[in-house]
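Data block below; observations after.
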There are 2 protein chains.
Amino acid sequence: MEQAMLKDIIDRYEAAHFLVNRRLNAMFRELMPEDLTVDQLSTLRYLQLHNRSTSSELADIFCVGKSSITAIVTRLFDKNLIQRLPDEKDRRVIYLALTEEGRQICDHMNDKIDVLLAKYIEPFSEQEAIGFIETFEKLAKGMMQS
Amino acid sequence: MEQAMLKDIIDRYEAAHFLVNRRLNAMFRELMPEDLTVDQLSTLRYLQLHNRSTSSELADIFCVGKSSITAIVTRLFDKNLIQRLPDEKDRRVIYLALTEEGRQICDHMNDKIDVLLAKYIEPFSEQEAIGFIETFEKLAKGMMQS
DNA sequence: ATCAAATAGTTCGATAGTAGAACTATATCA
DNA sequence: TGATATAGTTCTACTATCGAACTATTTGAT
C-alpha cells in the first residue's frame, strides 16, 4: 500500500475507532444495573467464557497490572458475584469463578448487550458483516502477537 | 440476516473489539510522555482538528458529563497545553484551543501513533483495508444517529 | 420590559480504575 | 539447600468519571 493511502486509512481508522469506542462505552454504561460498572461486567463476562481463570491471566488479557485486577476482583467478590478457589496443588494460585448470582447477572446483561449491538449490526448485509469481522479479527490477531 | 448468523457476528465483534481496545490502549499508554495520559492526548488531538471547540462540545463528543471535561481541561490548562478564550458575544462560552506547546506535543505524538498503527494496518491489501474502513465508518455513523 | 427557564461552565464529594513499589507466601531449580 | 521466580495482596497516589449544587449569562414568553 502506498504511503498516502496508508496515512488516509490510519486517520479514518482512528476517527472511527474513537467514535465507536466512546459511544459504545456510553451505551453500555446506560445498560448497567445500579451497582455494576462496565469494567466489572467485562470481568464477569470473561470469567463466564473462561472459567477458573486467575488474576495473572486477567491482568494479561486486560492489559493492566495485577494490582488493578486485585481491586476489581475484590469488589466483585464483596458483591458475591465471583468466588476465589485456591488451587490444591500450587498454593500461590487462586482460581476465579462466577457465583450463581454472578452467572445470572451475566446472562441477563448478555441478552441486553446482544439486543443493543444487533440494532447496529443488523443493517449490514451478511456478506459485508462477515468481510468486516474477518478483517477485524485479523487486526486483533496482529495485535496479540506483538 | 438470520438470527444465528447475527448472533455469531455479534459475539465475534465483541471479542475483537475488546481485544483491540485493550491492546491499543496499552500500547498508546506506553507511547505517552511522562506527564500526559491517553485521555488528555485525545483531548489535545480533538482540539487540533476542531479548533475553538467548547467544553459542551467535548462533553458531547467524548460522551461524558461537562464536569469531566472541566477536570481534564483544567489539567491541560495547568500544563500550559491549551488556552481558554472567552467568547466576546456570549459571555457564558469559553473556546478552547491548543497553545504552541500543545500543538508541538500533538504533532510529535501523531507521528508516533501513525508509526504504531501502520505496523498493524500495513499487512492488509489496499482493497481489504478500504472495505474494512468503509464498513467501520458506516457502523460509527449508525451509532452517531441514535 | 421583565422575569422564568434554559444554557455554559465550575465546584465539590464520592467512587472506580490504574500504576508501581513493597510485601507475603509458595514453588522451582541449580 | 538456598537463590530466584512466581502469584497474589496491600498501600499510596493519581486520573476519570458522575451527579448535584452552584454562578453567570442569555433566551424567550407574556
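Per chain, numbering begins at 1; letters A, B, ... match sequence-line order. None of the values given here were measured: they were computed from a predicted structure.
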One character per nucleotide, please: for nucleotides 23-28 of chain D, 5' to 3', B when the base has a protein heavy atom closer than 4.0 Å, S when only the sugar-phosphate does, - otherwise. -BBS--
What I want to find out is whether [X] reaches [Y] closely enough, with some N-O distance under 4.0 Å, to be called a salt bridge.
X	Y	answer
D60(B)	R23(A)	no
D39(A)	R22(B)	yes
D87(B)	R91(B)	no
K79(A)	D35(A)	no

Identify, between E57(A) and C63(B), the residue whose nearest nucleotide on DNA chain D lies closer to the 5' end.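 Closest to the 5' end, via its nearest nucleotide, is E57(A).
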Non-neighbouring partners of H50(A) that pass ring-ring contact (aromatic ring centres under 6.0 Å, His included), sequence neighbours left out: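 Residues passing ring-ring contact (aromatic ring centres under 6.0 Å, His included) with H50(A): Y46(A).
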S68(B) vs dA16(D): side-chain N/O to OP1/OP2 distance below 4.0 Å: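 Checking S68(B) against dA16(D): no side-chain N or O falls below 4.0 Å of OP1 or OP2.
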Consider the side chain of [X], meaning its heavy atoms from C-beta on, and name the nucleotide among [options] that approaches it most closely.
X	options	answer
I72(B)	dG9(C), dA16(D), dG17(C)	dA16(D)
S56(B)	dG9(C), dG8(D), dA19(C)	dG9(C)
D39(B)	dG9(C), dA16(C), dT17(D)	dT17(D)
T37(B)	dA16(C), dA8(C), dT15(D)	dT15(D)

Is the F124(B) to F132(B) ring centre distance short of 6.0 Å?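 No - the distance between ring centres of F124(B) and F132(B) does not fall below the 6.0 Å cut-off.
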For the residue pair Y13(B) and F18(B), is the inter-centroid distance of their aromatic rings smaller than 6.0 Å?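 Between Y13(B) and F18(B), the centre distance exceeds or equals 6.0 Å.
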Grab the N/O contacts between the protein and nucleotides 10-14 of chain C below 3.5 Å, and write none if there aren't any.
from	atom 1	to	atom 2	distance (Å)
dT10(C)	OP1	R84(B)	NE	3.4
dT10(C)	OP1	R84(B)	NH2	3.3
dT10(C)	OP2	T70(B)	OG1	2.9

Atom CE of M32(B) and atom P of dC14(D): how far apart are they, to the nearest Å?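 Answer to the nearest Å: 18 Å.
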For R92(A) and T54(A), which I'm curious about, is there any donor-acceptor pair between the side chains at under 3.5 Å?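 No, T54(A) and R92(A) have no side-chain donor paired with an acceptor closer than 3.5 Å.
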